[in-house]
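Everything on this sheet refers to the single structure shown next.
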Amino acid sequence: MTLARPLAALALSLGLLAAARPAAAQASLQCRTEPAAAVLGHPLHWTLIARDLAAPLPSFTPAQFAPDWLLTDQQGASGSTDGHSEQTATLTLYPLRSGRLPLPAVQVGSARCPAQTLDVAAAANGEAPLQWRTRMTPARPYALQALRVELWVIGVGNLAWTTPQPRSAQAQIAPLADSVRSEVIDGAPQLVQVFAWRVLPLQAGEVTMDFGLLRAHAFGSLRVYAPPPLRFTARALPLWWPTDGLIGAPQLQLLSAPAQLPLGDTTAWRLRLSAPGLDRAQVLRVANRWNAALPARFGPAGVQVTRAQASSAEAGDTWDITLYLRPQTAGRLQAPALRFDYFDPRTELPATMSWMPPLLTVVDARPLHLAIGLGGAAALLLLLFALRAVGCWACRSWRERRALQAVWQATDAAALKQAWLALPARRGLPRAATLAQWLSDAALPPPHPLHPLAERLQRHLYGLHAMPDFPALRRAIQAALAARRRSD
C-alpha cells in the first residue's frame with residue numbers, strides 16, 4: 001500500500017511528459033518565397049509562418065533589406081487551428097539588382113530560419129533585360145553652366161513609367177518633358193523611354209546625380225527598378241571671370257513697349273530675361289546699369305524686378321523687368337542698346353549680347369489742344385454772328401411784311417404814301433422823306449414799274465387829276481414792292 005502510491009505518481013509524471021513531447025515537437029518556423037524564381041524589378045513575397053511559438057514574429061524595416069531589396073509592404077495575421085496557434089507575416093520585396101541576393105536570418109524564440117540567398121534573374125523568361133544609358137549635353141560642362149541630362153530606359157515594352165525624382169547635393173535639378181522614341185541601339189532599333197532634366201552644377205568638381213527608384217506598371221502590376229547614378233565632373237570657370245557673371249547667352253523677350261506716348265504721361269517697358277542659374281542680384285545689376293545709361297530726356301522713373309510666374313525649366317530661371325519712363329521732351333527717342341556680358345562655354349571666351357529697344361515717339365499735344373481751342377472759339381464767334389444775322393434778317397423781313405401789309409390796307413393816297421415810305425429803299429439807309437428820294441435811294445432804273453406808279457400817286461396827292469380806281473393803284477404798288485423785295 002505504501003509502495004503503490006509512489007509508483008502511481010511516477011506513472012502519472014511519465015504520462016504527462018509523454019503527452020508534452022508531441023506538442024513541443026509541433027512548434028516550428030517556416031520561411032518561404034513566392035514565386036520561386038525571382039526577377040529584377042518584379043515583386044517577391046516572403047512569407048514567415050510560426051506555429052505554436054509564444055514569441056511574436058519580428059517587424060522589419062526597409063533599412064534591413066537595403067540596398068539590395070526594397071520593402072514596400074508588410075502584413076501579419078494570427079489565429080489558432082485544431083488547438084495550435086499560428087502567426088503569419090508576408091513581406092513584399094522588390095530586388096533592385098540582379099545576381100545572388102541574400103535574405104536575412106529570422107529568429108523567433110527557439111525557432112530559426114537561416115539566412116538564404118536567391119538568384120535574381122535580369123529579366124523574365126522570353127523578355128530582354130532593361131538597359132540604362134545616360135546622355136549629357138554638353139558633355140563637359142562648366143560650373144554654373146546648365147546642361148541637359150537624359151536617362152534612357154531601353155526595352156520598355158508595355159511598361160507605363162512614373163517620372164523619377166532625382167537628387168544631387170552638388171547641383172540644381174529641374175524636370176523637362178518626358179518622351180518615348182525609337183533609337184538605334186547596338187545596330188538595332190529599340191523603343192526608348194527618355195526622362196530629361198535641366199541640371200545646374202553649383203560648383204566645380206565631382207557631381208553625383210542619383211535617379212532614385214523608377215516605378216512602372218505592367219497590366220496593373222507594379223515594377224520597381226534602381227538605375228545606376230550619374231557621375232560627372234564640372235569644370236572650374238577661368239579665374240578672370242567674375243563669380244557672379246552670366247554663364248551662357250541669356251534669352252530676352254520684349255513683353256510690352258508702347259510706340260507712342262503723350263508728353264507728361266508715364267509708360268513702362270516690360271522685358272523677360274531668362275538664363276540658367278540667373279538670380280535677382282544679377283538681373284538688378286543689369287537693369288540698374290541700363291537705367292542709369294538712359295538719357296535724361298527719357299525721364300527714368302525706376303526699375304522693378306520680379307520672378308516670372310510661368311517659368312519653364314527649358315528657359316531656366318526667368319525674371320520680369322519693368323522699366324518706368326516719364327519723358328520730359330517731345331520727339332523721337334531712341335534708347336541705347338541693352339548689353340549682356342557672359343562667358344561662352346563653347347569658345348571659352350567672354351561674349352556680349354545686345355538688344356536694341358524700340359523707338360519711342362513722344363507727342364506734345366499742347367499745340368494741338370491750343371489749335372483746337374482757337375478753332376472752337378472761332379466757330380463759336382461765327383455761330384454768334386450767324387445767329388445775329390439770322391435775327392436781323394428775321395426782324396427786317398418782319399418789318400417789310402408789316403409794311404407791305406400796311407400798303408395793302410391803305411384806304412387813301414396819303415396812307416398809301418406813308419406805308420410805301422415805311423419800306424426801306426436800301427439796307428442801311430434812313431427812311432426817305434419823299435417818294436422821289438425813295439426812288440433815288442433805291443437806285444431803280446427808269447423802266448422800273450415803281451417809277452410810273454409813284455408819279456401817278458404823286459399826281460393824285462397833289463390833286464392834279466382824280467384817281468378813277470384807287471384799289472387798282474394800291475394793288476399795283478403792293479405787287480411791285482413785293483416783287484422788288486423778292487428780287488433783293
Side-chain angles (χ1 to χ4, degrees), residues 31-48 59-76 88-104 116-135 149-168 173 175-186 188-197 208-231:
C31 301
R32 64 170 181 256
T33 58
E34 184 185 357
V39 180
L40 177 65
H42 291 234
L44 176 75
H45 299 291
W46 189 33
T47 303
L48 312 179
S59 179
F60 295 91
T61 63
Q64 293 176 262
F65 298 94
D68 296 328
W69 302 88
L70 174 66
L71 174 62
T72 61
D73 190 28
Q74 184 174 191
Q75 296 183 357
T88 61
T90 302
L91 285 71
T92 302
L93 301 170
Y94 285 85
L96 300 181
R97 63 181 181 88
S98 60
R100 296 178 62 81
L101 301 185
L103 288 176
Q116 55 182 317
T117 301
L118 300 181
D119 289 324
V120 178
N125 291 333
E127 296 182 0
L130 292 181
Q131 300 180 52
W132 311 95
R133 295 191 182 181
T134 55
R135 293 289 185 273
V149 172
E150 292 183 353
L151 174 64
W152 290 12
V153 188
I154 304 169
V156 295
N158 295 318
L159 296 178
W161 293 90
T162 301
T163 302
Q165 304 293 327
R167 302 179 302 275
S168 176
I173 302 175
L176 302 178
D178 303 340
S179 63
V180 177
R181 61 177 184 253
S182 179
E183 295 283 350
V184 177
I185 308 296
D186 299 331
Q190 294 274 358
L191 192 64
V192 178
Q193 171 73 47
V194 180
F195 300 103
W197 297 270
T208 300
M209 182 175 175
D210 184 5
F211 296 105
L213 298 177
L214 269 69
R215 289 173 168 81
H217 288 82
F219 307 106
S221 176
L222 176 65
R223 308 283 178 83
V224 181
Y225 300 92
L230 171 65
R231 293 181 174 88

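Heavy atoms only: backbone and side chains are in, while hydrogens, waters and symmetry mates are out. The model shown is predicted, which means the values in this text are computed figures rather than measured ones. Numbering starts at 1 and runs along the sequence shown.
- For T134, the side-chain contact (heavy atoms from CB on, under 4.5 Å) criterion is met by L151, F211, L230, not counting sequence neighbours.
- With sequence neighbours left out, the side-chain hydrogen bond (donor to acceptor under 3.5 Å, both in side chains) criterion links E150 to R148, W152, R181.
- Note: F195 and W161 have perpendicular aromatic rings, judged against thresholds of 30 and 60 degrees for the angle between ring planes.
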Identify each donor-acceptor pair in which a side-chain atom of residues 37-47 lies under 3.5 Å from a protein atom, sequence neighbours left out, and give them as a table.
residue: H42; atom: NE2; partner: R223; partner atom: NH1; Å: 3.2
residue: H45; atom: ND1; partner: T92; partner atom: OG1; Å: 3.4

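- For P62, the side-chain contact (heavy atoms from CB on, under 4.5 Å) partners at least two apart in sequence or on another chain are L71.
- Residues L213 and L96 form a side-chain contact, since some pair of their non-hydrogen atoms from C-beta on lies under 4.5 Å apart.
- The side chain to side chain donor-acceptor pair (under 3.5 Å) contacts involving residues 119-132 comprise R100-D119, where partners must be two or more places apart or lie in separate chains.
- The structure places OG1 of T90 at 9.0 Å from CG of D73, a figure rounded to the nearest 0.5 Å.
- Within the structure, side chain to side chain donor-acceptor pair (under 3.5 Å) contacts touching residues 60-71 (residues at least two apart or in different chains) are T61-Q64, D68-R97.
- Counting only residues at least two apart or on different chains, no salt bridge (Lys or Arg N to Asp or Glu O under 4.0 Å) pair has a member in residues 152-164.
- Considering only residues two or more places apart in sequence or on other chains, D186 meets the side-chain hydrogen bond (donor to acceptor under 3.5 Å, both in side chains) condition with R133.
- Checked against side-chain contact (heavy atoms from CB on, under 4.5 Å), L191 has the following partners two or more places apart in sequence or in another chain: V156, V180.
- Remark: R167 engages D210 in a side-chain hydrogen bond (donor to acceptor under 3.5 Å, both in side chains) (not counting sequence neighbours).
- The CD atom of Q116 lies 6.0 Å from the OG1 atom of T33; values are rounded to the nearest 0.5 Å.
- Remark: T163 pairs with D178 by the side-chain hydrogen bond (donor to acceptor under 3.5 Å, both in side chains) rule, at least two apart or across chains.
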